[in-house]
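Beneath this line is the structure, given in structure tokens, with notes to follow.
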Amino acid sequence: MRQLGRWFATHGEHPNAVRFGILLLGMAGTDDDSAVLRTLGTSWAFSTEVCEALARSQTDPHRALFELARRAEGWARVDAVRRLEGTSDPEIREWLIRESCTGDVLDGYFAPTAARVGDLAGVLAREAVDETTLDGAGRLLEALTDVDGPGPALASYDDAVRALNGYLLHSTAQGITLPRLWSLLSIYQFLNAPTASALCRDHLAWRRVRYRCAELVAGPASRSVVLAGLADEEPTTFRRAAWAADLMDIPVRPALLRRVESEPHDSAIWFLLIDDCPNEDIAAVVEAAARLLPLQDLRTGPTTELGLGTEFEIDGILDIIVSRLDKHPGHGWELMETALNNRTSRNRRMALRALEGWPTECVPPAARRVLLAAAAREPVPELSAEMTREARRLQTGESTG
């Protein structure tokens, strides 16, 4: 059975044949099959079956799963870390705190396991914590408190208050850095979200944590870190500082406008510039976009392309801007006209949605002619019909609201 399993696992030409081999190795495999299974387990397509096979066939299943977790990414990493529940191996438990969370969006799916098994609260209760452990614990707390993730899980962690107090204490003692500020902001958002509102209302310990976290986030050290990051030439540092500034209500648009002059193809900067942009600042943003983006090159004519893939990077920046112009009547018509002539159906659709949100008195006189011409060559029938209807609305002066 073992020989048959190894043959199917290593020679199978169909995923189900490989899974059959993994199943047999889970029933009859030995420690000598660990390398084969771990190699297959780095692929999310086989990770669930491999983790089950390792758990059933290995003398030290937690060690085998740990080796897989260190190599795997994405869902394969999630499957492996979840299987480490119950381990008492000190090396594995330290790794869960220090390195298991990498900032991947999927960290939240295994963060509760990592916190429990690695004893997050106990580690942060130590008198001294090295920087690597502190920053790893911060990433783990980010995953546990991510209000936009699979579900903030910190409230279900029994030692949550002790873990938070430990992190706040060590962050204060060792100094605020940009990565630590990111973790603090995630914790702060969680503590002020509906998920934790009842806890903070009903329990004094949770209220104290929220107060201490708010003090740190609003303190001069945090502000200095953000301002230094906004002046940093390194792109990743600048972007992280800009995101933090946005969350902390630190004026960031002037720095973004300066940076976009030298990095006009950075979609993250354009997103920060246009998202929730106040009306008094929108003119400067659309002026910069019209000047810095290659609008003539973006007027490619319509296709049925949705705009997915790296080759649509600049089209995607146009999408980011145009999809938010419905909130700014009268601003950015040149960009919207470009989008109506763009190759991606999404850009054309977003330009139409923005135009539909404008009162007729804010629409340029040429808009109806541009719409009718766009409708005549539009390859997506539904979109063509919508363009025609909008042109009629503009003719009659009716409101879509």
Side-chain angles (χ1 to χ4, degrees), residues 230 233-236 238-243 245-246 251-358 362-367 369-371 373-375 377-380 383 387 390:
L230 291 175
E233 292 298 322
E234 203 280 315
T236 301
F238 176 84
R239 284 196 293 268
R240 297 192 75 173
W243 281 103
D246 190 53
V252 70
R253 202 154 275 105
L256 291 168
L257 285 169
R258 288 193 298 272
R259 182 57 67 99
V260 82
E261 294 286 341
S262 59
E263 298 180 37
H265 295 170
D266 190 325
S267 59
I269 296 178
W270 286 110
F271 178 85
L272 285 163
L273 272 170
I274 195 71
D275 196 51
D276 293 326
C277 182
N279 214 47
E280 60 267 23
D281 293 339
I282 191 63
V285 175
V286 296
E287 184 280 327
R291 178 167 47 83
L292 296 171
L293 296 180
L295 299 191
Q296 195 56 46
D297 294 340
L298 290 168
R299 298 171 189 258
T300 51
T303 71
T304 56
E305 287 283 358
L306 293 175
L308 306 176
T310 55
E311 68 268 28
F312 295 98
E313 180 183 9
I314 309 302
D315 305 79
I317 292 174
L318 184 63
D319 174 9
I320 289 171
I321 300 168
V322 170
S323 62
R324 288 160 177 80
L325 290 180
D326 59 321
K327 300 176 183 177
H328 304 285
H331 292 281
W333 167 247
E334 184 179 4
L335 300 170
M336 291 167 62
E337 184 179 7
T338 299
L340 287 169
N341 288 278
N342 185 248
R343 57 180 172 169
T344 73
S345 60
R346 168 151 177 103
N347 268 336
R348 301 193 300 277
R349 193 177 299 278
M350 289 301 101
L352 179 61
R353 293 289 177 269
L355 198 57
E356 289 172 344
W358 287 14
C362 294
V363 178
R369 172 181 55 79
V370 171
L371 271 175
R377 60 178 179 271
E378 176 57 53
V380 181
L383 192 50
M387 289 175 176
E390 177 62 10

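- Nearest heavy-atom pair across P264 and L293 is O-CD2, 3.9 Å.
- Proximity of a side-chain donor or acceptor of D326 to a complementary backbone N or O of G357 within less than 3.5 Å is not detected.
- Between I317 and D266 the shortest heavy-atom distance is CD1-N, 4.3 Å.
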message = Between T344 and L306, is the side-chain contact (heavy atoms from CB on, under 4.5 Å) condition met? List the steps.
response = CA-CA 5 Å; T344 73; L306 293 175; over 6 Å; no
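- Remark: M387 CE to R377 CZ distance equals 8.0 Å, nearest 0.5 Å.
- A pairwise comparison of heavy atoms in P302 and E378 identifies CB-OE1, 4.3 Å as the closest pair.
- For W243 and F271, the ring centers sit closer than 6.0 Å to each other.
- A donor-acceptor pair under 3.5 Å links the side-chain atoms of E234 to the main chain of T236, judged by distance alone.
- In this structure, the side chains of V286 and H328 stay at 4.5 Å or more apart for every pair of heavy atoms.
- The closest side-chain heavy-atom distance from W333 to L355 is below 4.5 Å.
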request  = Take I282 and I274 through the test side-chain contact (heavy atoms from CB on, under 4.5 Å) and record every step on the way to the result.
outcome  = CA-CA 7 Å; I282 191 63; I274 195 71; 3.3 Å; yes
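- Side-chain contact check for N279 versus K327: every heavy-atom pair is 4.5 Å or farther apart.
- Closest non-hydrogen pair, L325 versus G332, comes out as CD1-O, 3.8 Å.
- Closest approach of A288 to L257, counting heavy atoms only: CB-CD2, 4.3 Å.
- Heavy-atom contacts from other residues, nucleotides or ligands closer than 6.0 Å to CD of E261 number more than 12.
- In this structure, A268 and R239 approach most closely via the heavy-atom pair CB-CD, 3.3 Å.
- Within the 4.5 Å cutoff, the side chain of P364 has heavy atoms near those of the W358 side chain.
- Although no hydrogens or angles enter the test, the distance criterion places no donor-acceptor pair under 3.5 Å between the side chain of R353 and the main chain of S323.
- Between E263 and P235, the closest side-chain pair of non-hydrogen atoms falls below 4.5 Å.
- Proximity of L295 to L335: side-chain heavy atoms (C-beta onward) are separated by under 4.5 Å at one or more points.
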request  = Give the C-alpha distance, both sets of side-chain angles, the deciding distance and a yes or no for side-chain contact (heavy atoms from CB on, under 4.5 Å) between I320 and R324.
outcome  = CA-CA 7 Å; I320 289 171; R324 288 160 177 80; 4.1 Å; yes
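- In R299, the CZ atom is crowded: over 12 heavy atoms of neighbouring residues, nucleotides or ligands sit closer than 6.0 Å.
- Shown are D315, T300, T304, T303; of these, the side chain to side chain donor-acceptor pair (under 3.5 Å) with R343 is made only by D315.
- You'll find the side chain of W270 reaches within 4.5 Å of the side chain of L292, heavy atoms only.
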inquiry  = Does E233 form a side-chain contact (heavy atoms from CB on, under 4.5 Å) with F238? I'd like the steps, not just the answer.
reply    = CA-CA 7 Å; E233 292 298 322; F238 176 84; over 6 Å; no
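- At a threshold of 4.5 Å between non-hydrogen side-chain atoms, the residues D319 and R346 count as touching.
- Atom CG of L371 sits about 10.0 Å away from atom CD of E337, to the nearest 0.5 Å.
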